[in-house]
Protein chains: 2
Amino acid sequence: MPLKRTQSAGYMTNWAARLFARAIDQKLKPMGMSSGYLPVFFALADGTARTQKQLALGAGIEQPTMAATLNRMERDGWIEREKDGEDRRITHIRLSAAARDKAQDIQAIVNQVNETALSGLNSLEQRVLLDALGKVTMALTRTEENQKHPVPK
Amino acid sequence: MPLKRTQSAGYMTNWAARLFARAIDQKLKPMGMSSGYLPVFFALADGTARTQKQLALGAGIEQPTMAATLNRMERDGWIEREKDGEDRRITHIRLSAAARDKAQDIQAIVNQVNETALSGLNSLEQRVLLDALGKVTMALTRTEENQKHPVPK
DNA sequence: ATATATTACATAGCAAGCTATGCATCTAAA
DNA sequence: TTTAGATGCATAGCTTGCTATGTAATATAT
């Protein structure tokens, strides 16, 4: 018998993710930021440079998606790219000075949306939610790896 | 101080949602289905027709997104559209016979991915996760409504 | 009865995700 | 040392989401 959609973890996760993105994008838009930039922004926020590959891996997205995101971030003045002197395949990516200046504001907006989203949950429920999402991503990541390398080396 | 990304509900929800979509799309693709079609498919699975507006509302997506999804579903033979005789603005949408025939298979695939995703959680954690996601969507939907109608009528 | 609203859907244009594939460049093997 | 493989990034083309806006049809108000 069919699952009611609010009882499907996949559907509810997708729905919540879209609402998160809508809420965050709405608040970040006035400053030229957007939800897709956030993983890159936070990965670079400590001032160090990363390669495109490292950023994609850290954000859990595919390399071509990261390439497109970095193009938009460069266009919007959030990042700078610099070719490696040794290995000319590699490009180092770092936040622009202007971007570093806005770190506080961005963090505040993100925190505020997260707090709003979690406002109906007590602290136990919040912990279980984060823990459960961690376990879900682990389970799905594992099956994904099995698809890609059917016979692990 | 900055949140570690695995401690951010927004980031984890987005990540889990992408993994869900990847897993489901991979299994549905061989039969010409995809994750974006599922809310429409299940809404129409009982055989009754719905309007585009009803489908968008039920799926929690915007009307132009639903219009595009329905175009692809029609192209792929999953749905049929029929103009209303009384009100010529309205189009009724129903599943094709071929689509109804595949309902069992699709439901099985969706169930399997959900089970895999939740395999690391005990039944209490599963209940709390679904309940928490429901509360998160409620909280974010409420703030969204406030944005759109600042002064409720 | 006609002007005004509202409603249902369509279209345009963009973001952010994906897979598949191509192209240099570097590394390792013959 | 040349060839073959691996690596890092780019490009093409698609899906699924969004906002903003347009258009035709119906409903409402004067």
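We name chains A, B, ... by the order of the sequence lines, and we start the count at 1 in each one.
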Clusters formed by hydrophobic residues whose side-chain heavy atoms approach within less than 4.5 Å: which one holds A:Ile90, and what are its other members? none
Rounded distance (Å) that lies between atom C1' of C:dA16 and atom CD1 of B:Ile61: 16 Å
Which of these nucleotides, C:dA16, D:dT16, D:dC9, is closest to any side-chain atom of A:Lys53? D:dC9
Taking pairing as Watson-Crick or G-U wobble with both contacts under 3.5 Å, can you name the mate of D:dT26, or confirm there isn't one? none
OP1, OP2 of C:dG17 versus side-chain N and O of B:Arg22: anything below 4.0 Å? no
Given that A:Thr91 and A:Arg18 both sit by DNA chain D, which one's nearest nucleotide is further toward the 5' end? A:Thr91
Pairs under 3.5 Å (N/O, protein and nucleotides 20-24 of chain D):
none

If Ile, Leu, Val, Met, Phe, Trp and Tyr residues are connected whenever their side-chain heavy atoms lie under 4.5 Å apart, and connections chain through other members, are B:Met66 and B:Tyr37 in the same group? yes
Taken in chain and number order and not counting sequence neighbours, the residues that satisfy salt bridge (charged side-chain N to carboxylate O under 4.0 Å, His left out) with B:Arg89 are B:Asp87
Got a sec, which residues hit side-chain contact (heavy atoms from CB on, under 4.5 Å) with B:Ala45, two or more places apart in sequence or on another chain? none
Test of understanding: with salt bridge (charged side-chain N to carboxylate O under 4.0 Å, His left out), list the residues that count as partners of B:Lys135, not counting sequence neighbours. A:Glu125, B:Asp131
D:dT15, OP1 or OP2 - any side-chain N/O from B:Thr69 closer than 4.0 Å? no
Restricting to salt bridge (charged side-chain N to carboxylate O under 4.0 Å, His left out), what partner residues turn up for A:Asp46, sequence neighbours left out? A:Arg50
